[in-house]
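For reference, the structure discussed in these notes is given below.
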Amino acid sequence: MKNRYDVIIIGAGPAGLQCAEQLMNSNLSALLIEKNEIIGPKICAGGLTNLTAAFGIPEDKTRSFPRQKIFIANRQYEIDLVNPLKIIDRFDLGQYQLSKLKNSKNITILKGTLVKSIKKNEIITNKGVFYFKYLVGADGSSSKVRKYIGLESKICIGIYYEIPGVTDEFIWYINPKLLKFGYIWVFPHKSFTNIGIYFNPEYLNSKKAREILKKYLTDNGYKFSERNFKGAPINYFYQGCVFDDIFLIGDAAGLASKTTGEGISYALTSGKEIGKKIINPDYKMVELDRILTFKKRQERMSRNFGMFPYMQEHFFKIFIRLMRKGWYQSYFGN
Ligand SMILES: Cc1cc2nc3c(=O)[nH]c(=O)nc-3n(C[C@H](O)[C@H](O)[C@H](O)COP(=O)(O)OP(=O)(O)OC[C@H]3O[C@@H](n4cnc5c(N)ncnc54)[C@H](O)[C@@H]3O)c2cc1C
């Protein structure tokens with residue numbers, strides 16, 4: 001196997017796979033490195049907003065939910081979305097993206113390969129040393145590439161239980177007094193239900209968040225087992241994607257929304273945009289700018305809400321009312 005490539009992408013999540021797809025059939029050789037043997041599985045609730053619509057994810061891989069149930073403390077609201085939210089299992093998303101690379105001649109995929117360290121124009125893995133002209137960090141929220149560049153990360157956390165049994169209701173539970181800036185979600189998958197809590201560790205510690213989640217499950221009659229508990233950080237601290245011949249995409253770039261934790265759409269879009277940029281350095285990344293607008297809008301809104309802690313519940317109620325309008329949904333990226 002050769003060890004010199006024009007582009008090395010570290011991480012075959014949605015960002016890395018999308019970047020590889022963009023480089024497919026270019027005159028650049030690319031190596032996509034993934035530490036896991038199986039492409040796809042990732043700690044994630046699998047919710048897809050309309051920002052992923054351009055990526056052609058097959059309908060039969062998703063469940064679609066036009067109606068959202070929202071609880072603010074104990075009051076229930078409903079919103080009908082113009083563009084339904086969708087749910088996908090990350091294994092299915094990864095395998096769908098991988099299938100698109102099947103016939104590529106210039107992309108090599110190396111699974112079960114852990115990148116241990118990075119030096120100028122080379123990476124050291126458990127399967128040897130590889131050399132690059134361009135390096136793409138698509139290695140998620142604990143990115144080694146980001147650390148190599150010297151960028152700080154800031155994280156929120158998502159934890160969840162996978163509950164046996166399929167439900168049909170897509171639920172958000174908001175309670176600013178209890179959850180601060182976070183929320184509880186109920187995302188129904190095809191063969192189980194993913195119920196979790198998203199929180200900012202600056203305001204809520206992990207132990208307390210887990211207790212709140214367990215109480216929610218118990219109070220609502222969901223049976224859960226500690227074996228099905230999962231959690232991971234989400235880096236939202238965006239400081240750019242382009243650093244000379246090194247690029248960051250997806251969570252490695254801190255592109256996920258601090259407000260919601262949504263990161264798949266940002267990973268896909270940044271992967272595509274950086275792929276184009278590598279092929280043509282003059283390419284203006286307008287799609288990346290477009291999705292950054294949504295991230296900034298969402299984060300500005302929660303910052304404003306946070307300035308008046310005692311008014312938060314009231315603000316959320318106004319927000320829900322506005323979210324019944326199609327134009328407001330698209331203003332926030334759906
Ligand atoms: C609990 C939770 C729930 C979430 N729910 C949602 C949701 O409903 N909707 C949504 O849009 N987003 C959600 N997110 C966020 C979403 O999971 C991420 O934003 C998204 O996965 C980012 O994609 P990525 O390709 O940048 O990184 P990742 O998906 O993290 O992929 C990175 C890849 O790099 C590989 N890798 C890492 N380090 C190395 C290394 N050293 N060597 C080789 N390979 C390496 C990893 O194995 C992985 O495959 C959630 C996150 C969490 C934690």
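Start at 1 and go down the list; that is how both ligands and their atoms are numbered.
Residue contacts with ligand 1: T113 is included, with a non-hydrogen atom under 4.0 Å away. Residue contacts with ligand 1: G196 is excluded, as none of its non-hydrogen atoms falls under 4.0 Å.
Contact check on E59 versus K86 returns a salt bridge, with a Lys/Arg side-chain nitrogen under 4.0 Å from an Asp/Glu carboxylate oxygen. A salt bridge does not link E299 with R303: every distance from a Lys NZ or Arg NE/NH1/NH2 to an Asp or Glu carboxylate oxygen is 4.0 Å or more. The residues E37 and K111 are annotated as not salt-bridged, no charged nitrogen and carboxylate oxygen being separated by less than 4.0 angstrom.
The distance from ligand 1 to the heavy atoms of E262 drops below 4.0 Å at these ligand atoms: 10 (C), 11 (O), 12 (N). For ligand 1 and G158, the ligand atoms under 4.0 Å from any heavy atom of the residue are 1 (C). Close contacts between ligand 1 and Y160 involve ligand atoms 1 (C) [criterion: under 4.0 Å to a heavy atom]. Of all atoms in ligand 1, listed by their number and element, those nearer than 4.0 Å to a heavy atom of A232 are 53 (C). Each of the following atoms of ligand 1 lies closer than 4.0 Å to a heavy atom of G250: 26 (O). Annotation for ligand 1: atoms under 4.0 Å from non-hydrogen atoms of G261 are 12 (N), 13 (C), 14 (N), 15 (C). Less than 4.0 angstrom separates some heavy atom of N36 from each of these atoms of ligand 1: 47 (O). Within ligand 1, the atoms closer than 4.0 Å to a non-hydrogen atom of I234 are 50 (C), 51 (C), 52 (C), 53 (C), numbered from 1 in the order shown.
In terms of protein heavy-atom proximity, atom 27 (O) of ligand 1 is closest to G140 CA, 3.7 Å. The protein non-hydrogen atom at the shortest distance from atom 31 (O) of ligand 1 is G13 CA, 3.5 Å. Ranking protein heavy atoms by distance to atom 42 (N) of ligand 1, first place goes to V115 N, 3.0 Å. The nearest protein atom to atom 47 (O) of ligand 1, hydrogens excluded, is given as E34 OE2, 2.6 Å; this is a heavy-atom distance. Nearest protein neighbour of atom 12 (N) of ligand 1, counting heavy atoms only, is G263 N, 3.0 Å. With respect to atom 6 (C) of ligand 1, the closest heavy atom belonging to the protein is C44 SG, 3.4 Å. Annotation: atom 29 (O) of ligand 1 to nearest protein heavy atom, R90 NH2, 3.0 Å. Atom 26 (O) of ligand 1 has D251 N, 2.9 Å as its closest protein atom, hydrogens excluded (heavy atom only).
For the side chain to side chain contact (heavy atoms under 4.5 Å, CB included) test, residues two or more places apart in sequence or in another chain that qualify with E34 are A12, N36, I39. Residues passing the ring pair (Phe, Tyr, Trp, His ring centres under 6.0 Å) test with Y216, sequence neighbours excluded: Y173.
At a 4.0 Å heavy-atom cut-off, ligand 1 touches I264 through backbone and side chain alike. Residue contacts with ligand 1 for K42 involve side-chain atoms from C-beta outward but no N, CA, C or O (heavy atoms, distance under 4.0 Å). Counting heavy atoms under 4.0 Å from ligand 1, residue K230 does not touch it at all. Residue contacts with ligand 1, taken as heavy atom pairs separated by less than 4.0 Å, involve D139 via backbone and side-chain atoms alike. With a heavy-atom cut-off of 4.0 Å, A45 touches ligand 1 through backbone and side chain alike. The part of F187 lying near ligand 1 is the side chain, judged by heavy-atom distances below 4.0 Å. With a 4.0 Å cut-off on non-hydrogen atoms, A138 touches ligand 1 through its backbone and not its side chain.
K119 and Y148 make their closest contact through C-OH, 3.6 Å (heavy atoms, listed as atom of the first residue, atom of the second, distance). Closest heavy-atom contact between L248 and S143: CD2-OG, 4.4 Å.
Residue K144 has no N or O atom closer than 3.5 Å to an N or O atom of ligand 1. Not one N or O of I10 is nearer than 3.5 Å to an N or O of ligand 1, by distance alone. Close N/O approach between A252 and ligand 1 is not found [any backbone or side-chain N/O within under 3.5 Å].
Judged by the 6.0 Å and 45° rule, K180 forms no cation-pi pair with Y203. Seen from the ring of Y331, R297 counts as a face-on cation partner, given the 6.0 Å and 45° thresholds.
By heavy-atom distance, the residue among G112, A267, P233, G11 lying nearest atom 23 (O) of ligand 1 is A267.
The structure places CD1 of I246 at 11.0 Å from CD1 of I8, a figure rounded to the nearest 0.5 Å. Atoms CG and CD1, on D139 and I9 in that order, are 11.5 Å from each other to the nearest 0.5 Å. Within the model, atoms CD1 of I123 and OH of Y5 stand 10.0 Å from one another, a figure rounded to the nearest 0.5 Å. Considering CZ of F65 and CG of L81, their distance stands at 12.0 Å, rounded to 0.5 Å.
Relative ring orientation between Y328 and F332 is described as perpendicular, the plane-to-plane angle rising above 60° on a 0-90° scale split at 30° and 60°. Taking the six-membered ring where the residue is Trp, F305 and F315 present tilted rings, their angle falling between 30° and 60°.
Side-chain contact between F247 and L135 is absent, with no heavy-atom pair separated by less than 4.5 Å.
For the pairing with E169, the side chain to side chain donor-acceptor pair (under 3.5 Å) check across K69, Q68, R67 returns one residue only, K69.
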